[in-house]
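Chain letters run A, B, ... following the sequence lines, proteins first, then strands; residues in each count from 1. Here the structure is a predicted model, which means the values were calculated and not measured. Reckoned from all heavy atoms, side chains included, excluding hydrogens, waters and symmetry mates.
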Amino acid sequence: MPVRYPSPLKPLGSGEVFFMQERYDPAAVESQARSYWQAADAFSVSEDSSRPKYYCLCMFPYPSGRLHMGHVRNYTIGDVLSRFMRKQGYNVLQPMGWDAFGLPAENAAMANGVPPAKWTYDNIAYMKGQLQSLGFALDWKRELATCRPDYYKWNQWMFLRMLEKGIAYKKTGVVNWDPVDQTVLANEQVIDGRGWRTGAPVEKREIPMYYLRITDYSQDLLDALDTLTDWPERVRTMQANWIGRSEGVRLGFPYELEGEKHTLNVFTTRADTLMGVTFCAVAAEHPLATHAAKNDPALAAFVEECKKGTAMEAELAVMEKKGMPTGLFVTHPLTGDQVPVWVGNYVLMTYGEGAVMGVPGHDERDFEFANRYGLPIKQVVEEVATGDWRLATGQNQSGATLASRQQPAASSPFSSTQWQDWYSTKAGFCINSGKYDGLGYQQAIDAIAADLSALGLGQKQVQWRLRDWGISRQRYWGCPIPLIHCPTCGDVPVPDKDLPVVLPEGLVPDGSGNPLNKLPAFYECKCPKCGADARRETDTMDTFVDSSWYFARFASPGNDQAMVDERADYWMPVDQYIGGIEHAILHLLYSRFWTRVMKDLGLLKVSEPFRNLLTQGMVLNDIYSRKTGEGRIQYFNPADVDVQVDAKGTRTGATLRSDGQPVEWEGMRTMSKSKNNGVDPQKLVGEYGADSIRLFMMFKAPPEDTLEWSDDGVEGAARFMRKVWRTVYEFVEGDRRQATGDSKKEESLAVARSLSPVALTDSQRNLRRAAHATLVKVTDDLGRRRIFNTAIAAVMELMNTLAKFEDDSPQGRAIVQETLELVVQMLSPIVPHATHALWQALGHEDSLMDRAWPKPDPQALVQDEIQLVVQVNGKLRSHVTVAATADEATIREAALADAGVQRWMEGKAPKKVIVVKGKLVNVVV
RNA sequence: GCCGGUAUGGCGGAACUGGUAGACGCGACGGACUCAAAAUCCGUUUCUGGCAACAGAGUGUGGGUUCGAUUCCCUCUACCGGCACCA
């Protein structure tokens, strides 16, 4: 018999009746909760200066077709935090949108013959339904898609402002060119140096592109990292390394070529070793290399080989250092010595000036290079001996630092055949360096920089790794760059009144380049300045532009007069940003840059967009495979595999369910199509309900760790949901039997009100304390620690405690009611649907999601007696129970009197007794 | 190669500030209910020795600090992530 309750939907005019089923039926419960929220418009928010705001944002998805488990994890974390903060009294904004431009849509279009726009909009519609089925508290009124003109109009508008301020500019850039398709390829379309469609060797081409001067903000982007104290340390480190500031000296080695005077410019952080230079090395692309290669076929071949090398890869770190002499010499700026110039495969054209000075005595790479090619090695820095530090470094070194050295100096004399770590020390002093002998690192740099400066051959300089952001893409499915090329006026910006430059949506790319180039209706136009025939720019913007400011647009939805408005001042910055670590560098750095530009233009009041960053871990699953006859590897989905275990539960093997034959387990990796180890969220929601999936994802691992998928784990989460449901059902059923009439709700609440905390039995008091202590822990875990697995574990523990509580007295029932109400409230951010129904079942008519988070009753937490651990010599030997208020002497006495303790003391007198109040006693004998 | 991180039962993980190692869950084993199965419930489950009480060992390795170390410091090893041979 179902229990009948007054309908919570009644105020909304539905007239329906709520039944509490004995069996937990997630599909029914979840659709009812969702229709309740929808009818109440529960997730819409607006600006409200009377309440503190909380802007919780998850990285918006690319509409690839369907959600994957990484999305589900990401958005569940965001939803739990949003719902928790809402119950803490915050005005919570949690929006959602679509990062809708990009290459996959063009690839899908080519494969299916469907325009990217249609593919994208279809995917958005499907994925939106998926998100809604998971019960995320998203304000869909603010939904945006970056491929819609009302959004990307403001990309264009901002680009024009940046052009005016000189932040955007034009220069040539190098692209991958497919000579067969006559098109530019993205890096991911180049496979082993060949075009992905044609297989033709890819060429490098220089074409004009537009850049944004992010380097103007290098120092600020670096310095402000220190203010982002709520970002993970490793993300800040990655950003700092990416920006890559290094202080050093830029200096020139003069030389003459064909009667003209030049200097070979290098940058060094170790100007103190300048007197140890025995060669210079330049990159293969360096003009000197090109010049020397003209009359030297062997060198030309080497230069070509270097250019082909898969540069920019970490594997090059272990690559052999190779080089060839150019036959050219430059002059050492201080000694006047002639220094040979080599081409080196380890010198990068993209950093500094594409040339380095070779100091083999004190640089490990140069050392290896010199040894390989028989170049001289000269020691110019000597290690500091302990106690001699004043001699070497002036006052900068602390004695403590040097005293902590493991080895005294001079224990390992300089050898030109065996590299030792101390050769590259900065804590040494110059030798064999003429007038600089005896100077420490900083002193030597200062002196040498001053002398170079006097000669006009060098000065101190700060070098950055960060390069300007090239935003031109020779692609169709992106935001058009709003420029017009006029034969007489040059590059002319599209006037603001003509924005947006709308991207035609019906085109289907065929792989032979940007279809906009074949659409006169798009590119034929008049020059806005002179009115002559002109050509519209057909390049589109990098999609990172779209995602660099979407968070601000969420705060100003629907404004067609401005990019953002004063509503953004209310919501920005984002209080909590959640997403994958893979965006730790580019997306976050571009967003920080873009936000600064918007601030400089007076559009935003903040310069940092994200106050707190949470980088969630990846979702992994088992990989099973089998080698086929042809030596190929076939992958099987874990759902189709049976795992064998031994008596202990250790995995012993796995077989394919369909044929019973063994398959190989390759470990756990990120879910991917290629390894066939994905899990479909939609299937699981249908099977277990959204709440069980949400619960599993939050329980299985802390948010920042990787999460190992397990079907058994999901089953376990579903089991817990059924347990909570059944416990509430049995309680209200029993309640109903006791109640006289059908005025169930009043009865139930009356029971709760009848609780009189002063006159409780021990077991009643214990349950009540457990319930309130759990509330303290869960509040802390969700609020401060942002760790959800331990919060859920604590509630599970409380449910176990509750299961052992058998007390049908009015007071006992009142405490069970209170405990169940706390359980339901604590779980509500994680499993919102089921708790919504259970809250009503417990006799409430208000909406649980808007009910304030409960507060623990201090009285319930009070303990009269506490148990202390007693150790003898640091080993656990006994327990004693003392009054909670007992002083140290009393505790000490109780511990020493304990029989178990005395046994281990073996009649000896205690040497020392350590008492940690509320925790333990340690007796040392 | 460099930078960052991690290492705890059969498995995922807990122990937050140096104070009872293994919470919670999964798996496994045993039992109850059932004609049977599912579901559910109860019990056991770090290892070694012991019928047991109990004892000993134990948080990747080796050392150190401390009355006391999973936690702090040093060494090494393995794995994961990032990268830029960065001059």
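Taking 4.0 angstrom as the limit, A:Arg236 places none of its side-chain polar atoms (N or O) nearer than this to OP1 or OP2 of B:G4. Side-chain N/O atoms of A:Arg669 include none lying less than 4.0 angstrom from OP1 or OP2 on B:C79. Between A:Asn789 and B:A14, a side-chain N or O to OP1/OP2 separation shorter than 4.0 Å is present. For B:G12, the OP1/OP2 oxygens have no side-chain nitrogen or oxygen of A:Lys700 closer than 4.0 Å. At B:G25, one or more side-chain N or O atoms of A:Asn800 fall inside 4.0 Å of OP1 or OP2 (strictly under the cut-off). For B:C86, one of the phosphate oxygens OP1 or OP2 lies less than 4.0 angstrom from a side-chain nitrogen or oxygen of A:Arg365. Look at A:Arg719 and you'll find a side-chain N or O under 4.0 angstrom from OP1 or OP2 of B:C26.
Spacing between atom CD of A:Glu888 and atom C1' of B:C67 amounts to 14 Å, rounded to whole angstrom units. Atom C1' of nucleotide B:A38 and atom CZ of A:Arg23 are separated by 13 Å, given to the nearest angstrom. Between the CD atom of A:Gln463 and the P atom of B:A87 there is a distance of 10 Å, given to the nearest Å. Atom-to-atom, OH of A:Tyr24 to C1' of B:U40 comes out at 17 Å; the value is rounded to the nearest Å. Note: CZ (A:Arg892) to C1' (B:C67) measures 13 Å, nearest angstrom. For the pair A:Lys919 NZ and B:G19 P, the computed distance is 6 Å after rounding to whole Å.
B:C85 is unpaired under the criterion used here, namely a Watson-Crick or G-U wobble arrangement in which both key atom distances are under 3.5 Å. For B:C72, the paired nucleotide is B:G64, the pair qualifying as Watson-Crick or G-U wobble because both relevant distances are below 3.5 Å. Nucleotide B:G25 has B:C11 as its partner under the Watson-Crick or G-U criteria, with both atom distances under 3.5 Å. Look at B:G4: its Watson-Crick or wobble partner, with both distances under 3.5 angstrom, is B:C80. The partner of B:G56, taking Watson-Crick or G-U wobble pairs whose two distances both stay under 3.5 Å, is B:C47.
Distance from the side chain of A:Thr268 is smallest to B:A87 among B:G19, B:A87, B:A21. When each of B:G4, B:C80, B:C67 is scored by its nearest atom to the side-chain atoms of A:Arg234, the top-ranked nucleotide is B:G4. In the set B:C26, B:G56, B:A87, B:C26 carries the atom at the smallest distance from any side-chain atom of A:Asp712. Nearest to the side-chain atoms of A:Ala793 among the listed nucleotides B:C41, B:A23, B:A39 stands B:A23. The side chain of A:Lys875 lies closest to B:A57, out of B:G19, B:C85, B:A57. Considering only side-chain atoms of A:Ile914, the nucleotide from B:A87, B:C67, B:G12 that sits closest is B:C67. The side chain of A:Asp780 lies closest to B:C16, out of B:A39, B:C16, B:A87. Comparing atom distances between the A:Pro702 side chain and each of B:C67, B:A14, B:C86 picks out B:A14 as nearest. In this structure, of B:G25, B:A87, B:U20, it is B:G25 that holds the atom nearest to the side chain of A:Phe699. Across B:A84, B:A87, B:U40, the shortest atom-to-atom separation from the side chain of A:Arg465 is found for B:A84.
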Could you walk me through whether A:Ser246 and A:Tyr351 pass side-chain hydrogen bond (donor to acceptor under 3.5 Å, both in side chains), step by step? CA-CA 12 Å; A:Ser246 56; A:Tyr351 184 80; 3.2 Å; yes
Could you give me the CA-CA distance, side-chain angles and deciding distance for A:Gln644 and A:Thr655, then say whether side-chain hydrogen bond (donor to acceptor under 3.5 Å, both in side chains) is met? CA-CA 8 Å; A:Gln644 281 84 47; A:Thr655 52; 3.1 Å; yes
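Side-chain contact check for A:Ser424 versus A:Asp363: every heavy-atom pair is 4.5 Å or farther apart. Between A:Asp781 and A:Phe788 the shortest side-chain heavy-atom distance does not fall below 4.5 Å.
As rounded to the nearest Å, B:C72 and B:A28 have C1' atoms that lie 38 Å from one another. Nucleotides B:A69 and B:U17, compared at atom C1', are 14 Å apart to the nearest Å. Separating the P atom of B:G62 from that of B:A57 is a span of 15 Å, rounded to the nearest Å. Between B:C29 and B:U61, the distance separating the two C1' atoms is 34 Å to the nearest Å.
Within a 6.0 Å radius of CD in A:Gln867, more than 12 heavy atoms belonging to other residues, nucleotides or ligands are found.
Taking the ring centre of A:Trp904 as origin, the terminal cationic atom of A:Arg877 falls inside the region bounded by 6.0 Å and 45° from the ring axis.
A salt bridge does not link A:Glu806 to A:Lys804: none of the charged side-chain nitrogens sits closer than 4.0 Å to a carboxylate oxygen.
A donor N or O paired with an acceptor N or O is found under 3.5 Å between the base of B:C16 and the side-chain atoms of A:Arg784.
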